[in-house]
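Along the sequence shown, residues are numbered consecutively beginning with 1.
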Amino acid sequence: MAEILVYVDHIDGAVRKPTLELLTLARRLGDPVAVALGNGAADTAPVLAEHGAVKVLTADAPEFAEYLVVPKVDALQAAYEAVSPAAVLVPSSAEAKEIAARLAVRIGSGVITDAVDLEAGDEGPVATQSVFAASFTTKSRVSKGTPVITVKPNSAPVEPAPAAGAVETLSVSFGPLATGTKVTSRTPRESTGRPELTEAAIVVSGGRGVNGAENFAIIEALADSLGAAVGASRAAVDAGWYPHANQVGQTGKSVSPQLYIASGISGAIQHRAGMQTSKTIVAINKDAEAPIFELVDYGVVGDLFDVIPQLTEEVKNRKG
């Protein structure tokens, strides 16, 4: 079978969930070959092998941590030249999408970003995308070169499929641009104990109807009862009620969880663009004519201050 290159998103050897989803998709297209870079790269091999990687290419060098993006592009290009894959799959994070774009330019190939599904086609992988503010779903393929495709989190299940996972050291030569932008400092993001917004299986979001920063406590309580991430609409963020890092929408983050609960959100197209690919959508709004109800699988017409505390209590009771 053809080999499919998979770029590994990990933190000091701890593989993040979107990479395991990519391995599931890669197995539809061929034999996954994982590329892990930086500190702890070799430690990723066992979990990658457990999820289908037939081979794990690893490289570690100070450049990966000390400089932005380009050293990783150099390494991924080296992996591409060593493997000659049928496709390159990359998670749809901000950094990884830049890596994918730069790689596609270097190897003279087309790039598809933010795919939500992949399938094998007669002329190469076919990607499904949600486009034009999630108003249309398209299927497309790269017509020139080796497809470079970034895939949104939660686009595929994580499915163990043990494989050899043979570890090989990747030889990387850094180009003159690799040291062009140096990282001068890092500040760890304060942990809330909740899942990462773009990777969460469940997201609970609040909008203008929450009516104040102090009232986001009930949104957080429901999220915590479900083990969910907390999101916010642009209106709530612009009002200063919740951090911009939690904004869901066209100018915020795009999410695609198994369950999305929109609380006090009217459903403007800007917000819908960031969550419309969610598998199941529930809305709570006291305005029965709110546009959000045109989109949802389940709708509750009611005051969120009455509905959400009851829902939170019911979830806690059922969990026992």
Shortest non-hydrogen separation from [X] to [Y] and the atoms involved:
X      : Y      : value
Ala228 : Val204 : CB-CG2, 4.1 Å
Pro153 : Ser256 : O-CB, 3.8 Å
Ala86  : Pro147 : O-CD, 3.2 Å
Ala200 : Ala229 : CB-CB, 3.6 Å
Ala115 : Ala127 : CB-CB, 4.0 Å
Val172 : Phe174 : CG1-CE2, 3.8 Å

Has [X] got a side-chain atom pairing as donor or acceptor with [Y]'s backbone, closer than 3.5 angstrom?
X      : Y      : result
Gln310 : Asp306 : yes
Lys253 : Ala245 : yes
Asp9   : Arg16  : no
Ser278 : Thr280 : no

[Y] and [X], any side-chain heavy atoms less than 4.5 Å apart:
X      : Y      : result
Pro91  : Leu22  : yes
Gln250 : His271 : no
Leu48  : Thr19  : yes
Asp224 : Leu226 : no
Glu168 : Val56  : no
Arg102 : Val69  : yes
Leu25  : Asp117 : yes
Lys97  : Val111 : no

I'd like to know if the side chain of [X] pairs up with that of [Y] as donor and acceptor (distance under 3.5 Å, no hydrogens or angles considered).
X      : Y      : value
Gln77  : Glu81  : yes
Arg234 : Gln247 : no
Gln129 : Ser140 : yes

Q. Does Ile265 sit in a hydrophobic cluster with other residues, and if so which ones, taking ILVMFWY side chains as linked at heavy-atom separations under 4.5 Å, directly or through other members?
A. Leu197, Val203, Val248, Val255, Tyr260, Met275, Ile281, Ile292, Phe293, Leu295, Val296, Val301
Please determine whether residues [X] and [Y] belong to a single hydrophobic cluster, defined as Ile, Leu, Val, Met, Phe, Trp and Tyr linked transitively by side-chain heavy-atom distances below 4.5 Å.
X      : Y      : answer
Val105 : Leu76  : no
Val142 : Val6   : yes
Leu5   : Val73  : yes
Tyr80  : Ile149 : no
Leu57  : Ile99  : yes

Nearest 0.5 Å please: distance from the [atom1] atom of [X] over to the [atom2] atom of [Y].
X      : Y      : atom1 : atom2 : result
Lys286 : Ile284 : NZ    : CD1   : 13.5 Å
Ser263 : Phe305 : OG    : CZ    : 10.0 Å
Asn154 : Lys17  : CG    : NZ    : 4.0 Å
Leu311 : Ile261 : CG    : CD1   : 6.0 Å
Ser109 : Leu103 : OG    : CG    : 7.5 Å
Ile112 : Leu118 : CD1   : CG    : 8.0 Å

Tell me whether [X] at atom [atom1] has more than 12 heavy atoms from other residues, nucleotides or ligands lying less than 6.0 Å away.
X      : atom1 : answer
Lys279 : NZ    : yes
Arg208 : CZ    : no
Lys144 : NZ    : no

Show every donor-acceptor pair shorter than 3.5 Å between a side-chain atom in residues 214-222 and any protein atom, with sequence neighbours excluded, or say none if there are none.
from	atom 1	to	atom 2	distance (Å)
Asn215	ND2	Val210	O	2.9
Asn215	ND2	Asn211	O	3.1
Glu220	OE2	Tyr242	OH	2.7

Q: Output, in order, the C-alpha distance, side-chain angles, deciding distance and verdict of side-chain hydrogen bond (donor to acceptor under 3.5 Å, both in side chains) for Ser155 and Glu21.
A: CA-CA 7 Å; Ser155 294; Glu21 296 169 3; 5.8 Å; no
(Q) I need the single residue from Ser254, Ser93, Ser92 that forms a side-chain hydrogen bond (donor to acceptor under 3.5 Å, both in side chains) with Lys152. Which is it? (A) Ser254
Donor-acceptor list for residues 33-47 side chains, cut-off 3.5 Å, not counting sequence neighbours:
from	atom 1	to	atom 2	distance (Å)
Asn39	ND2	Asp12	OD1	2.9
Thr44	OG1	Ala41	O	2.6

Q | Single hit among Lys139, Arg28, Arg27 for salt bridge (charged side-chain N to carboxylate O under 4.0 Å, His left out) with Glu119 | A | Lys139
